[in-house]
**Student:** 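I have a structure I would like to understand better, so I am pasting it below and will then ask my questions one at a time.
Remember, it's a predicted structure, so these values are computed and weren't measured experimentally. Indexing begins at 1, ligand by ligand and atom by atom, following the structure's order.
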Amino acid sequence: MITKINEAVEYIRRVYSNTPKVGIVLGSGLGSFTAEMTIEKEIPYGDIPHFPVSTVEGHSGKLIFGEMGGKKVVAMAGRFHFYEGYAVEEVVFPIRVMKFLGVQTLLLSNAAGGMNTSFKVGDLMVIKDHISLFAVNPLIGKNIEELGPRFPDMSEPYNKSLVSKVKEIAAEKNIDLKEGVYCGVSGPTFETRAEYKLLQVIGGDAVGMSTVQEVIAAVHMGLTVFAMSVITDIGIREEENKITHAEVLEAAGNAEPKLTYLFKELIAQL
Ligand code: HPA
């Protein structure tokens, strides 16, 4: 694993010489976020040794290096989901590469279904904690000591001071911000009515098919993490609740300007 990470890092360093301090992982329908970056270099995943290649509609599949909020950043346009058939080591590989490139802070976004009945489509939810459900833990197997400890503490996976900063930024701009617990599931099916209900009962506010494995790998390596969900559908509702991928992408696209603003301001204040 370490050899693979080093080979990916060596390739990237050969074509891009700056050191990014902030890593950004963008969720479904959030790919145009990078229009706000001053782009210095784009590297297609297919060019990087050992990088998996993204297949899902709405994910373009490249690492984008540049500047945002006055900081050097690297953004993943398109991420790898467990439901696509990637091994969990592949899902978290880019996060490990980011760490070895020099990234200290990781910002993630995702599209999620809402269980909290006060949420509406288009809301932004700061993730204050997560519940990992049916998603394979990326740290299973022999521990790689160069990455982190055997039994990482998970009492504060989402950095509290970054959560407070983003709340302040949102309040100043009158951006309505929710806060809650994200349930990570494998997908690719959206939840049944009974499953949404279950997730609500156990304390979940939103549910999605990404993020948790990446956050575990990041916390293992000591990265500072902040994550936010765009509520793209409401799972808990009495009327017809058919959910489509197209609807998810549309809602995520509509919420994107707000999310971009918050990420950009947060990066500026890091
Ligand atoms: N469930 C799981 N993942 C999702 C959902 C959902 O309702 N919406 C967007 N991603």
**Student:** Are the side chains of Thr105 and Asn159 in touch, meaning some heavy atoms are under 4.5 Å apart?
**Tutor:**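 The answer is no, as the side chains (C-beta and beyond) never meet within the 4.5 Å cut-off.
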**Student:** Carefully, step by step, assess Lys167 and Glu179 under the rule salt bridge (Lys or Arg N to Asp or Glu O under 4.0 Å).
**Tutor:** CA-CA 9 Å; Lys167 282 187 187 167; Glu179 191 178 348; 2.7 Å; yes
**Student:** Is the contact between Thr232 and ligand 1 made by the side chain, the backbone, both, or neither, using heavy atoms and a 4.0 Å cut-off?
**Tutor:**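 The answer is the side chain of Thr232.
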**Student:** To check your reading of the model: name the closest protein heavy atom to atom 2 (C) of ligand 1, its residue, and the distance in Å.
**Tutor:**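 So the nearest neighbour among protein heavy atoms is Glu191 OE1, 3.2 Å.
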**Student:** To which protein heavy atom is atom 4 (C) of ligand 1 closest, and what is the distance rounded to 0.1 Å?
**Tutor:**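 The protein heavy atom lying closest is Val207 O, 3.6 Å.
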**Student:** Once side chain to side chain donor-acceptor pair (under 3.5 Å) is applied, do any residues pair with Lys120, and if so which ones, sequence neighbours excluded?
**Tutor:**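 Testing Lys120 for side chain to side chain donor-acceptor pair (under 3.5 Å), a comparison that skips the adjacent residues, returns Asp123.
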**Student:** Does Lys4 make a cation-pi contact with Phe93, if we ask for NZ or CZ under 6.0 Å from the ring centre and within 45° of the axis?
**Tutor:**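 Lys4 over Phe93 ring: no.
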**Student:** Which residue and non-hydrogen atom of the protein lie closest to atom 5 (C) of ligand 1, and at what distance in Å?
**Tutor:**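 Here the nearest protein heavy atom works out to Gly113 N, 3.3 Å.
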**Student:** Who passes ring-ring contact (aromatic ring centres under 6.0 Å, His included) against His220, sequence neighbours left out?
**Tutor:**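 Counting only residues at least two positions away or on another chain, His220 forms no ring-ring contact (aromatic ring centres under 6.0 Å, His included).
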**Student:** Over 60° means perpendicular and under 30° means parallel, so tell me whether Phe65 and Tyr16 are parallel, tilted or perpendicular.
**Tutor:**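 Rings of Phe65 and Tyr16: tilted, 30 to 60°.
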**Student:** Counting each atom of ligand 1 from 1 as listed, which ones have a heavy atom of Ala111 under 4.0 Å away?
**Tutor:**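 It comes down to these atoms of ligand 1: 9 (C), 10 (N).
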**Student:** How far is atom 8 (N) of ligand 1 from its nearest protein heavy atom, and which residue and atom is that?
**Tutor:**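 Of every protein heavy atom, Asp233 OD1, 2.7 Å lies nearest to atom 8 (N) of ligand 1.
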**Student:** Can you tell me if Gly187 contacts ligand 1 (heavy atom of the residue under 4.0 Å from the ligand)?
**Tutor:**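 No, that is not the case, since the closest heavy atom of the residue is not under 4.0 Å from the ligand.
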**Student:** State the atoms of ligand 1, each with its element, that fall below the 4.0 Å cut-off from a heavy-atom position in Tyr196.
**Tutor:**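 Here the atoms of ligand 1 in question are 1 (N), 6 (C), 7 (O).
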